[in-house]
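Accompanying notes for the structure given below.
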Amino acid sequence: MLIALPILAFALALPYWLPRAVVGLRMWIFARVNGEEGLVLGSDGDTFRRVYSHPAANGRSRGAVLSDIFWYWLSPGPEMHQEHLEPGRRYEAVARTTRAILAMPSSRAETLAAQCASRVLPELGRTRWVRLRDLMMPVWAEFYHEVVFGKPCPPQARDLIVGNANDVVTSLKCCGLRHLDVRLRLTSYLVDSIKAGEIAHALPDGLSTQESAYYLQGAFFNTAIVQMSEAMTHLLLVVAKHPFVLDRLDDDRFVDGLINETLRLYPLFGIAHRITSADIPVDEHTSIPAGSVVCFDYPAYHRLGFTDPDRFDPLRHLPRDAHHIPFGMPANRPCPAWHLAPVTMRAVLRETVRRYRLYSSAAHIRSIPNRGPCLLVPATEVSRGRPWFAMALMRLRDRWEDVSRSLIQLVLGTYMLWDARRLKLCTRYFNDADVV
Ligand code: HEM
């Protein structure tokens, strides 16, 4: 009995300290395997903005050890992924195509997003427990298929797109290993579709069919699906935890403020990096030498200059010069979906709350490795008040999942980092290829 009590106390305390200790250990192992790399900017707003906007902060992959792990996570075809292309002719061709594909009037984007959500979101007969990221992925698969192909998404294509995006984001968060066979099935589908002339837009000049398939897969069926599903998970979790916002969701200006504040507190990028192509002066006496890896810390930057920065406030005023760049630095390869994403999020948010009331007591952190646990109650069901018991169970389950997940992330993350350093996909590409 005497020995059982301390063991029980130790076991019960695990969720409170183990996940944090494992994160610390993971960072330490990552630094050991990856090598200490990168100058991190974020706590000084002026320097952050000046360096990020500087024309010499323009390298994306070549010369950074950490590119090997990004290329590993984004395979197949990371060398065609817009985000990771070096500046040059190929990048220009690809970026022009992305802009053309995403160019559509806001009203059309809003209607299409609402239609896709309405086709995909299940009608519920009773309360259901879901993970918001899993609920959202098919909606965005449907939407971006229609944007790229100009026609509704067949169910088997939706499964391929969701399978691919889910595999990428799960490995990125070190919650699972990558499965190239799952991803290559989507590549084959895209190759066949390009050959059959089924893409509704002109593809980038100078790319082979295979390269064009990798380009579409990277920008539209990895990045777009993952980013939109994660952004919506944050937005819906915020709504679930702050039900007072529900009364104002008909007001576009309020919803835009809600999205801005959500992406300020939970920016999708923790860190973005650049490799400098020339010296960048920081002040009179110091400069960042050419060839440096500079890391831009979004969460730190987003806290600067705001009163009570950790408080969620959807009515927060954002002056023009606010430290708020959820879609990147305007002068340095910002997100091409900058205008489209918020409009479509607004439409999908409204479709979701029209169908369900949302409740969540799970932890809400920037990286949302828990995929946003949530209870959906059909909106038609007469309110029986907040489901306290279900909320207590969700909280308990989420805490304990944190313990097992953080151990899994430690083991799989270390393995993938080692494997990526062994394969050296990016380093070898730039050593071997006559790169355009
Ligand atoms: C709410 C959703 C989204 C957020 C918050 C977001 C955020 C960002 C950010 C911060 C960057 C810049 C990263 C850097 O400086 O390295 C970026 C780049 C990019 N995003 Fe998004 N994104 C979102 C949705 C999308 C969608 C829907 C697409 C669809 C095609 C997309 C495609 C890209 C691409 C291709 C780049 C690289 C741009 C370049 O290097 O030229 N993103 N995104």
Side-chain angles (χ1 to χ4, degrees), residues 41 48-49 51-54 57-61 64 66-67 70 74 78 80-88 90-104 109 112-113 116 133 136-137 139-141 143-145 147-148 161 165 169 201 204 214-236 256 258-275 293-299 301-302 324-349 366:
L41 298 181
F48 179 100
R49 204 190 290 248
V51 175
Y52 205 169
S53 309
H54 197 281
N58 61 350
R60 291 303 282 117
S61 294
L66 54 84
S67 303
F70 279 112
L74 292 171
M80 285 301 135
H81 196 298
Q82 181 173 335
E83 236 173 285
H84 294 271
L85 280 176
E86 295 302 309
R90 177 169 285 172
Y91 170 74
E92 293 304 331
V94 157
R96 209 170 25 250
T97 306
T98 305
R99 280 195 298 275
I101 295 178
L102 293 177
M104 69 177 87
L112 181 60
C116 292
R133 196 177 86 199
M136 285 295 123
M137 262 195 189
V139 174
W140 299 110
F143 179 84
Y144 279 99
H145 184 283
V147 167
V148 170
I161 296 168
V169 67
H201 304 268
Y214 285 148
Y215 152 68
L216 288 176
Q217 184 159 358
F220 293 95
F221 301 117
N222 277 349
T223 296
I225 311 298
V226 167
Q227 297 291 63
M228 294 307 295
S229 307
E230 294 254 306
M232 279 307 298
T233 303
H234 283 301
L235 187 61
L236 294 173
D256 291 346
L258 183 69
I259 293 174
N260 279 337
E261 177 67 350
T262 303
L263 293 177
R264 184 189 71 79
L265 267 180
Y266 307 105
L268 299 190
F269 276 68
I271 296 263
H273 75 278
R274 294 287 187 275
I275 302 116
V293 179
V294 188
C295 298
F296 301 97
D297 181 337
Y298 277 56
Y301 184 69
H302 276 187
H324 185 261
I325 51 158
F327 293 97
M329 188 54 78
N332 190 344
R333 297 175 57 156
C335 182
W338 187 342
H339 297 292
L340 187 68
V343 173
T344 54
M345 285 172 71
R346 207 162 64 193
V348 173
L349 170 65
R366 197 198 62 75

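Note that these values count all heavy atoms, side chains included, but never hydrogens, waters or copies made by symmetry. Note that ligands are numbered from 1 as they come in the structure, with each ligand's atoms numbered from 1 the same way.
Taking distance alone, with nitrogen or oxygen atoms compared against 3.5 Å, Asn332 stays at or beyond that limit from ligand 1. Considering backbone and side-chain N/O atoms, Arg274 comes within less than 3.5 Å of an N/O atom of ligand 1.
For Phe296, the heavy-atom gap to ligand 1 stays at 4.0 angstrom or more. Proximity of Tyr91 to ligand 1 is established by a heavy-atom distance of less than 4.0 Å. Proximity of Met329 to ligand 1 is not established, as no heavy-atom distance is less than 4.0 Å.
Within the structure, the salt bridge (Lys or Arg N to Asp or Glu O under 4.0 Å) test picks out the following pairs touching residues 223-232 (sequence neighbours left out): Arg133-Glu230, Lys173-Glu230. Judged as a side chain to side chain donor-acceptor pair (under 3.5 Å), the pairs with a partner in residues 329-344 (not counting sequence neighbours) are, in order, Arg274-Asn332.
Of the heavy atoms in Pro334, only backbone atoms (N, CA, C, O) come closer than 4.0 Å to ligand 1. Neither the backbone nor the side chain of His273 comes within 4.0 Å of ligand 1, counting heavy atoms alone.
Interface atoms of ligand 1 facing Met228, defined by a heavy-atom separation under 4.0 Å, are 2 (C), 27 (C). Less than 4.0 angstrom separates some heavy atom of Ala219 from each of these atoms of ligand 1: 29 (C), 30 (C).
Formation of a donor-acceptor pair under 3.5 Å by the His234 side chain with backbone atoms of Ser229 is not found in this model.
A distance below 6.0 Å separates the ring centres of Phe296 and Phe48.
Proximity of Tyr144 to Leu102: side-chain heavy atoms (C-beta onward) are separated by under 4.5 Å at one or more points. Side-chain contact between Arg264 and Pro326 is absent, with no heavy-atom pair separated by less than 4.5 Å.
The distance cut-off of 2.8 Å around atom 21 (Fe) of ligand 1 captures these protein N, O or S atoms, sorted by chain and number: Cys335 SG.
Residues that satisfy the side chain to side chain donor-acceptor pair (under 3.5 Å) test with Gln82, not counting sequence neighbours, are Thr98.
The option with the heavy atom closest to atom 10 (C) of ligand 1, from among Ser229, Gly218, Pro342, Pro326, is Pro326.
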